[in-house]
Amino acid sequence: MSLLEVRKLTHSFIDKLLYNQASFDLYKGEHMGIVGQNGAGKSTLIKILMGEIIPDSGMIKWQSTIRIGHLDQYAEINGTKSIIDYLKTAFAHLFELEKKLNDLYQEMSITGDYGLLEQAATYQEKLETSDFYLLESHIDKVVYGLGIHAIGIDRPIQVLSGGQRAKVILAKLLLERPNVLLLDEPTNFLDKEHVDWLANYLSAFDGAYIVVSHDFDFLEKISSCICDIEFGTIKKYAGKYSDFLRQKEHLREDYIRQYDAQQKKIVKTEEFIRKNIAGVNSKIAQGRRKQIERLERLAPPAFTHKPAFTFQEIPSVAQVALRVNNLEVGYDKPLLPKLNFSVLGGEKLVITGFNGIGKSTLLKTLVQRISAVTGSFQFAQSVKIGYFEQDLIWENGAKTPFQIISDVYPKLSVKEIRSRLAQCGVKNTHTTQAVATLSGGEQSKVKLCLLLLSSYNFLILDEPTNHLDAETKEALQKALIQFKGSVLLVSHEEKFYQQWADRFLNIEDAIK
């Protein structure tokens with residue numbers, strides 16, 4: 001018997017059909033990865049499974065009594081709690097049981113009623129079978145595995161960055177050990193070593209889970225099956241991500257053949273109808289019109305239009321493009337010791353270090369979004385910076401991608417704006433939707449489009465691959481390889497930059 005049944009699921013967003021009569025099951029112990037292009041409906045599917053979105057039609061049936069854990073990075077939590085106190089709420093029922101046990105012992109000491117011993121023994125047994133006295137060890141395992149110890153477990157949640165907060169919420173979810181985990185992009189705020197730890201943890205997890213991720217190495221390690229969202233369908237494949245890719249390539253070629261054949265048939269039939277609807281073959285034409293109307297049309301292959309990026313350049317600096325001297329970055333106090341490094345003209349430097357250490361804060365300091373605590377940095381006079389910020393924050397989320405580009409580049413024609421957005425992989429139907437309603441990947445493409453419309457010789461990029469699908473990552477990677485200026489990159493995806501980075505700066509070395 002399946003833990004989850006999805007039957008004939010149909011749902012549209014605005015005028016886009018995400019799924020049409022889609023069905024699949026999740027079985028006990030199954031480890032499912034969810035993949036699909038940006039905007040295909042992966043995150044929407046998770047929200048439908050959680051009951052946060054009501055689908056247009058179809059059935060979502062969970063097995064009764066199972067506990068579902070959902071990674072909600074935007075959950076409202078008590079910000080005044082410390083990290084450790086928040087993590088302990090995962091075991092609130094056990095701490096309540098311990099309190100009842102202590103109250104019983106206190107009552108016995110006051111009243112001498114040792115008839116309560118049997119009840120106390122029951123409580124004690126429940127605590128022991130639940131590994132209550134090993135909780136600190138369990139918490140430490142997850143805290144160190146996800147790198148939370150580096151943040152400081154006594155820090156209040158309200159001072160954490162978005163990425164740090166997401167890690168803490170994930171940690172609590174893992175400690176709760178529900179029967180089923182629903183995780184949407186759990187690796188976005190993790191460094192490589194912590195992604196590896198999470199992969200090992202999930203692989204050994206005896207429950208079931210559904211994971212949305214664009215980190216395909218991660219999916220390869222954790223998945224026993226893949227659900228692919230494409231063409232309005234959700235198709236389930238057995239095996240790991242690499243097995244899915246092999247199977248899909250054959251099916252993709254077959255689908256294109258079927259789609260092309262159907263389109264030719266439709267064009268031919270519609271032409272016959274136009275020529276004969278009012279002639280002697282009117283009845284035949286009417287019959288064929290009814291056939292066309294009843295025809296279940298295949299969705300056009302979404303993969304036929306791949307994104308293509310080219311960074312516009314101005315001449316790069318001949319010598320040192322950036323020099324950093326005794327720079328301390330932070331907010332109320334320094335996050336890191338004094339930093340000293342330089343970036344040469346045309347050099348591509350990748351900054352590494354565990355999540356939350358201060359990499360994004362360093363970049364924000366260099367682009368003067370925040371002030372330096374002490375020390376200095378100096379860009380060469382001819383440097384022009386292009387900055388990509390990882391946070392998906394818009395001044396007005398109600399504006400459409402078309403309006404956003406038009407506001408910044410008012411001289412561009414309607415045709416040029418649509419063309420530039422299309423080159424970045426933004427579908428035509430999404431150019432006139434409120435940007436805040438788009439998926440994370442689609443919003444990132446709009447931000448990349450803004451970046452590509454000006455000329456630079458120094459790119460500062462903070463986790464640009466977060467949310468991006470495989471084809472968009474590949475296009476961005478090629479563009480950065482071809483870019484002749486300097487690049488300062490923060491990324492947790494080693495596979496993305498290892499082919500083209502000239503040098504690495506490990507921030508962790510600065511604090512040893």
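Being a predicted model, the structure only gives us computed values, none of them experimental.
Under 3.5 Å, the side chains of S486 and E347 contain no donor-acceptor pair of N or O atoms. Using modelled atom types and a 3.5 Å distance limit, the side chains of S82 and D85 yield a donor-acceptor pair. D184 and S43 are linked by a side-chain donor-acceptor pair at a separation below 3.5 angstrom, with hydrogens and angles left out of the test. With hydrogens and angles left out, the side-chain atoms of E230 and Q37 include no donor and acceptor closer than 3.5 Å. Judged by distance alone, the side chains of E30 and S224 never bring a donor and an acceptor atom under 3.5 Å apart.
The only option from V490, T465, D462 that meets the side-chain contact (heavy atoms from CB on, under 4.5 Å) definition with Q390 turns out to be D462.
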- Message: For a side chain to side chain donor-acceptor pair (under 3.5 Å) check, start with the C-alpha distance between Q247 and D243, then their side-chain angles and the critical distance, and finish with the verdict.
- Response: CA-CA 6 Å; Q247 296 174 66; D243 299 319; 6.0 Å; no
Worked check of side-chain contact (heavy atoms from CB on, under 4.5 Å) between H214 and E185: CA-CA 7 Å; H214 289 112; E185 297 289 2; 2.6 Å; yes
Query raised in the report: Would R418 and T431 satisfy side chain to side chain donor-acceptor pair (under 3.5 Å), going step by step from the backbone distance to the final call?
Result: CA-CA 7 Å; R418 289 189 178 277; T431 61; 3.0 Å; yes
Review point. Can you list the steps and then say if S12 with Y19 is a side chain to side chain donor-acceptor pair (under 3.5 Å)?
Key: CA-CA 7 Å; S12 298; Y19 337 106; over 6 Å; no
| said: Could you go through L459 and L488, starting from their C-alpha distance and side-chain angles, then the distance that decides it, and tell me whether this counts as side-chain contact (heavy atoms from CB on, under 4.5 Å)? | reply: CA-CA 6 Å; L459 295 176; L488 190 59; over 6 Å; no
Review point. Does the pair D140 and S137 meet the rule for a side chain to side chain donor-acceptor pair (under 3.5 Å), with working shown?
Key: CA-CA 5 Å; D140 283 348; S137 174; over 6 Å; no
### Message
Evaluate R420 against Y409 for side-chain contact (heavy atoms from CB on, under 4.5 Å), listing each step before the verdict.
### Response
CA-CA 12 Å; R420 294 303 186 98; Y409 300 98; over 6 Å; no
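Taking CG from D254 and NZ from K248, the interatomic distance works out to 13.5 Å, rounded to the nearest 0.5 Å. Interatomic distance, NE2 of H430 versus OG1 of T400, reported as 12.5 Å (0.5 Å rounding).
When side chains are defined from C-beta on, E442 does not count as touching H467, because their heavy atoms never get closer than 4.5 Å. Inter-residue side-chain proximity for V142 and W197 is flagged as met; some heavy-atom pair is nearer than 4.5 Å. In this structure, Y387 and L451 have side chains that are not in contact, with every pair of non-hydrogen atoms separated by 4.5 Å or more. Put simply, the side chain of E493 does not reach to within 4.5 Å of the side chain of Q498, judged on heavy atoms. Side-chain atoms of D407 and F402, non-hydrogen and from C-beta on, never get closer than 4.5 Å to each other. Residues V329 and V373 fail the side-chain proximity criterion, which asks for heavy atoms closer than 4.5 Å. Two residues are said to be in side-chain contact when any heavy atoms from C-beta on lie closer than 4.5 Å; L489 and K348 fail this criterion. Between L202 and K221 the shortest side-chain heavy-atom distance does not fall below 4.5 Å.
Considering every non-hydrogen atom in both G397 and A434, the closest pair reads O-CB, 3.6 Å. Residues L327 and A372 share a closest heavy-atom pair of CD1-CB, 3.5 Å. Between A475 and F309 the shortest heavy-atom distance is C-CD1, 3.6 Å. Closest approach of I68 to M50, counting heavy atoms only: CG2-SD, 3.9 Å. Taking each heavy atom of A90 and E176 in turn, the nearest pair found is CB-CG, 3.5 Å. Pairing each heavy atom of P307 with each of G425, the nearest pair is CB-N, 3.9 Å.
Relative to the six-membered ring of Y86, K88 misses at least one condition, a distance below 6.0 Å or an angle of at most 45° to the axis. Judged by the 6.0 Å distance and 45° axis criteria, K384 is positioned over the aromatic ring of Y456. F483 does not carry K478 over the face of its six-membered ring by the limits of under 6.0 Å from the centre and within 45° of the normal.
In E136, the CD atom is not crowded: 12 or fewer heavy atoms of neighbouring residues, nucleotides or ligands sit closer than 6.0 Å. Around atom NZ of K141, no more than 12 heavy atoms belonging to other residues, nucleotides or ligands sit under 6.0 Å away. Within a 6.0 Å radius of NZ in K47, no more than 12 heavy atoms belonging to other residues, nucleotides or ligands are found. The environment of Q312 atom CD is dense: over 12 non-hydrogen atoms of other residues, nucleotides or ligands sit within 6.0 angstrom. The environment of CD in Q378 is sparse: at most 12 heavy-atom neighbours from other residues, nucleotides or ligands sit within 6.0 Å. Within 6.0 Å of the CZ atom in F504, the count of heavy atoms belonging to other residues, nucleotides or ligands exceeds 12.
Using a 30° and 60° split on the angle between ring planes, F205 and Y201 fall in the parallel class, below 30°. Classified by interplanar angle (parallel below 30°, tilted 30° to 60°, perpendicular above 60°), the ring pair Y237/F244 is perpendicular. Aromatic ring pairs are classed by plane angle as parallel below 30°, tilted from 30° to 60° and perpendicular above 60°; the pair Y209 and H31 is parallel. Using cut-offs of 30° and 60° on the angle between ring planes, the pair Y259 and Y255 is parallel.
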